[in-house]
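So you know, we letter chains A, B, ... as the sequences are listed, proteins then strands, and number each from 1.
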There are 2 protein chains.
Amino acid sequence: MEPVFKALADPVRRAILDSLFCKGGQRLNDLIEGHGMSRQAVSNHLRILEEANLVAVVWKGREKLHYLNPVPIHEIATRWIAKFQTGQLEALSNFKQSLESQEKPNHE
Amino acid sequence: MEPVFKALADPVRRAILDSLFCKGGQRLNDLIEGHGMSRQAVSNHLRILEEANLVAVVWKGREKLHYLNPVPIHEIATRWIAKFQTGQLEALSNFKQSLESQEKPNHE
DNA sequence: TTATTATGCAACCATTTGATTGCATATTGC
DNA sequence: GCAATATGCAATCAAATGGTTGCATAATAA
């Protein structure tokens, strides 16, 4: 889970995921276009995405085809974010309670 | 949105969010316990969480009370993650298609 | 075979990040 | 007022990050 959060923290990597979402099976050279950076820079980002299992690769001869793997994102959504969603009312309740008592502090 | 992703990338900050989810209104000194780091280190993390609007604060005298704000997490879920969820079948389709044609490359 | 294409690996560098320490400010309680 | 408490600000430093360049390897194409 940790590598997924780290991988998603970079806007270039999120853009790569967007690109792979729209069109799967792109090669490294395909993904370079539109990011204004060197091949190695994009390659490094792809490595981080692969290590987080966000991108799956298929070698076809000398070409490395990249595909978005949506599973880790789904897990973030269900295992981590969902927790805060269900508790949303409770958290807001905590917050509002404090606002109400804000004007008379230390009234014990 | 960018500051939210950055803020969520650090495990200490996610632990702080967990703690505030369980118990809202904690002070800085409360949040220090259990992380094994200095007050300033926790304070820096809290600043990043505040800048990402993930944590709301209420001053009460000399005490700064911290509350989880679940809204940015909800926005990540609906505006960013949801996109990949709806396209999950399509992404998997892309991936499987490539696996099927993997054994006979360059057959055009 | 030879040139071209697609990619990986390694070294290097600048910037950012995460943490610590020391000092300053403001509020509370005696 | 004065000590203790709660926090912020600034300087410093090590480590991680993001990028570039140069060279190496492997597969395709002429």
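- At least one side-chain nitrogen or oxygen of Lys64(B) sits closer than 4.0 Å to the OP1 or OP2 atom of dG8(D).
- Residues passing the salt bridge (Lys or Arg N to Asp or Glu O under 4.0 Å) test with Arg14(B) are Glu2(A), sequence neighbours excluded.
- Counting heavy atoms from C-beta on, the side chains of Gln85(A) and Pro70(B) never come closer than 4.5 Å.
- Atoms CD1 (Ile32(B)) and C1' (dA6(D)) sit 9 Å apart, rounded to a whole Å.
- Counting to the nearest Å, the P atom of dT28(C) and the CG atom of Asn29(B) are 15 Å from each other.
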Listed pairs under 3.5 Å, donor-acceptor, residues 75-82 of chain A side chains, sequence neighbours left out:
unit_1, atom_1, unit_2, atom_2, d
Thr78(A), OG1, His74(A), O, 3.1
Thr78(A), OG1, Glu75(A), O, 3.4

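- The distance from atom CH2 of Trp59(B) to atom C1' of dA26(C) is 9 Å, rounded to the nearest whole Å.
- Atom C1' of nucleotide dA4(D) and atom CD of Glu63(B) are separated by 13 Å, given to the nearest angstrom.
- Shown for residues 45-53 of chain B: no residue has heavy atoms falling under 4.0 angstrom of DNA chain D.
- A straight line from CG of Leu28(A) to C1' of dA27(D) spans 16 Å, rounded to a whole angstrom.
- Taking Ala15(A) as the reference, His35(A) meet the side chain to side chain contact (heavy atoms under 4.5 Å, CB included) condition, with sequence neighbours excluded.
- Heavy-atom distances under 4.0 Å link DNA chain C to Arg39(A), Gln40(A), Ser43(A) of residues 37-44 of chain A, given in residue order.
- Applying the side-chain hydrogen bond (donor to acceptor under 3.5 Å, both in side chains) test to Gln40(B) and every residue at least two apart in sequence or in another chain returns nothing.
- Distance check: Leu68(B) CG to Ile73(B) CD1 gives 5.5 Å after rounding to the nearest 0.5 Å.
- Remark: His45(A) NE2 to Arg13(A) CZ distance equals 6.0 Å, nearest 0.5 Å.
- Going from atom CZ of Arg27(B) over to atom C1' of dT7(D) covers 11 Å, rounded to whole Å.
- Between the Asn69(B) side chain and the Asn53(B) main chain, a donor and an acceptor come within less than 3.5 Å of each other.
- Listed in residue order, the members of residues 3-13 of chain A having a heavy atom less than 4.0 Å from DNA chain D are Asp10(A), Arg13(A).
- Between the side chain of Arg62(A) and the base of dA27(D), a donor-acceptor pair under 3.5 Å is found.
- Counting only residues at least two apart or on different chains, the salt bridge (charged side-chain N to carboxylate O under 4.0 Å, His left out) pairs with a member in residues 49-58 of chain B are Arg47(B)-Glu51(B), Glu50(B)-Lys64(B).
- Every side chain to side chain contact (heavy atoms under 4.5 Å, CB included) that Arg39(B) has, sequence neighbours left out, goes to Leu28(B), Asn29(B), Ile32(B).
- Remark: C1' of dT17(C) and CD of Glu2(B) are 15 Å apart, rounded to the nearest angstrom.
- Residues satisfying the side-chain hydrogen bond (donor to acceptor under 3.5 Å, both in side chains) criterion with Asp18(A), sequence neighbours excluded, are Lys83(B).
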